[in-house]
2 protein chains.
Amino acid sequence: MNTLLDDSIADGEPDATQLILADIQSGILQPGTWLKQIDLETRYGRGRNEIRRALDRLAQKRIVEHVPNRGYHVYKADGKQADDIAEIRIMLETGIVPKVVATAKTSDIRNLRALADRFESLILHGTVLELYEANLNFHRAFVQLSGNGELDGVIAELRQRTSSAPVSQWKTRARIEKSAREHQEMVDLLAARKADELKALVESHIRQG
Amino acid sequence: MNTLLDDSIADGEPDATQLILADIQSGILQPGTWLKQIDLETRYGRGRNEIRRALDRLAQKRIVEHVPNRGYHVYKADGKQADDIAEIRIMLETGIVPKVVATAKTSDIRNLRALADRFESLILHGTVLELYEANLNFHRAFVQLSGNGELDGVIAELRQRTSSAPVSQWKTRARIEKSAREHQEMVDLLAARKADELKALVESHIRQG
DNA sequence: TTCTCTTAAATTGGTACCAATTTTGGATGA
DNA sequence: TCATCCAAAATTGGTACCAATTTAAGAGAA
C-alpha cells in the first residue's frame, strides 16, 4: 500500500523529500538547478538537518546528483537513460499481463474501468496535475492486479527517475485523448482476456509516454 | 558500471552503508537485530553522523526498518515478499532474453563462458563469499548484454532486498553444483540462440535461488 | 514471590556551532 | 581591455552538545 517514497506519517508534516520531489516533478525545479540548502530551508520551512537528509535520499534515488563540496543539483536524465528506464517499465508491466488476465475478477475490471473513466472525464475540466494523478492511479491499479506487493513500489521508483518533469509531459490534447482511449482499450482487452494483444498495447502505451 | 549502492570513491574509505550491508548479507547481523548507533560507531570506526546516514539509506532501501525513537533493526522479509521480489527479477532477466539472444557477439558469449567456468572452479576451493561474488558477476554480465544501462542497478537493488542472508543461501553442495551446471547451460542456449528455452531456464534458475 | 510504580541510565534524534572548500568580487599588472 | 591573482563572502559538511523518549533497574506494596 505504501510506495517507497511515502514516508509521511500524518498529513500535518509531509517529509521534505516529498516536497522537493514534487517541485522537481512539476518542473518548478528544472534539471540542472543547484539546490542550495539555505534556499530549501526557507522555502519549505524545515531545519538544515531535514534538508540534508532529503537531499541525500534524493541522491540515492538518482533524482538529484551530489557533487562533494559543491552541493546537489537536479539530475539530467539523457535520452538513453530515459529509454532504458522505459524499457524496464515495459518489461514489468507487460510481464504481469498473463497473471492479471488469468486472475482478474469482474469487480477488479469494473474498478479499473472506473479509473479509466475518471481519467477521461478529467480531459475537459481537470488540471494537469489531476490528470497526472489519475493516470498514475490507473496504472497503479493495473499493477496491483498482479498480486505482487513489491512491484508497485519498484515501478513508482522507476517512474520518478524517468522524466524530470513528467507532469508537463501531458502537453498536447491529442496525446491526452489517445492515452485515455488506450486506457479504455486496455480494460476491454483485459475483459476479453486477450493477453497477447494487451501486452502489445501496454508496450506501445508506455513507449509513447 | 556503478551499482546504486556503490558510493565509495577510493578503497581507502568504504562507505559505512556498504560495510553494514555486507555484514547483514553475510549473516553476521541477523534479521531482527537492533542496530545500536554506538555499537556501529565503534565497530566500523566511523562518526555518529555517517552511521546515521548509513542507517537512513538502508532504511530507504528497506534493508533495515526504522522505528522512531527506538532505532533501526534488520528487516525480516517474509516469504511473500521474497517471492514477489524474485518474481520481479524473473520478469526482468527473462525480459531481456530476446534482445540478448539477438545481439550477443561471440566475444560476449566467450566472456560469459569464462565467468561460468570461474564459478564452477570455485566450487572446490573457493570460499562461500567468493562463490557469491562469482555468481553475482555471471548474472551481471548476462544483464549487461541487454545494453540497458539502468537494469543492472535495478536488479542489484532487488537482490539486496531479497534474502537477508543471501550468502548463506549457498548451503548444500548439490545446490551449488546445480547452479554451476545451469550457468553453463545458459551459455549453451545463448550460443545456440534458443530464446524460449533460455527464458525457461533463467526463470527456474532464479526461482530456485 | 510478583506486580507496579518510580527513578536512573541509555539511546535516539535534533540543533547549533565551526572548520574546510568553493565561489564571488575586485584589485593589480600585462 | 583582458587575464591573473588575492581576499572576502558564501556554501557545504562534519563535530559536539543537549533535549526528548525509551528502556532498564530498583524500591515498595499486595
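Below, read A as the first sequence line, B as the second, and so on, with proteins coming before strands; counting in each chain starts at 1.
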Student: Are OP1 or OP2 of C/dT12 and a side-chain N or O of B/His66 less than 4.0 angstrom apart?
Tutor: no
Student: Please report the closest heavy-atom contact between A/Ile123 and A/Leu131, naming both atoms and the distance.
Tutor: N-CD2, 4.4 Å
Student: State whether B/Arg70 places a side-chain N or O below 4.0 Å from either non-bridging phosphate oxygen (OP1 or OP2) of D/dT21.
Tutor: no
Student: Just how far, in rounded Å, is P of C/dT21 from NZ of A/Lys36?
Tutor: 21 Å
Student: Hey, does the side-chain of B/Arg53 have a donor or acceptor N/O within less than 3.5 Å of a partner on the base of D/dG13?
Tutor: no
Student: Base, sugar-phosphate, or nothing for B/Leu55, non-hydrogen atoms under 4.0 angstrom?
Tutor: nothing
Student: Side chains of A/Asp56 and A/Tyr72: donor-acceptor distance under 3.5 Å anywhere?
Tutor: no
Student: Using whole Å, report how far CH2 of B/Trp34 lies from P of C/dT12.
Tutor: 10 Å
Student: Between atom CZ in B/Arg46 and atom C1' in D/dG14, what is the gap in whole Å?
Tutor: 14 Å
Student: When all nucleic acid strands are considered with a 4.0 Å heavy-atom cut-off, which category describes A/Ile51: base, sugar-phosphate, or nothing?
Tutor: nothing
Student: Please report the distance, rounded to the nearest Å, between CZ in B/Arg48 and P in C/dG13.
Tutor: 10 Å
Student: Starting at NE2 of A/His73, measure out to NZ of A/Lys76 and round the result to the nearest 0.5 Å.
Tutor: 8.0 Å
Student: With the side chain of B/Ile38 defined as its heavy atoms from C-beta on, choose the nearest nucleotide among D/dT21, C/dT11, D/dT12.
Tutor: C/dT11
Student: Can you check whether any acceptor in the base of C/dG14 is under 3.5 Å from a donor in the side chain of B/Arg52, or vice versa?
Tutor: yes
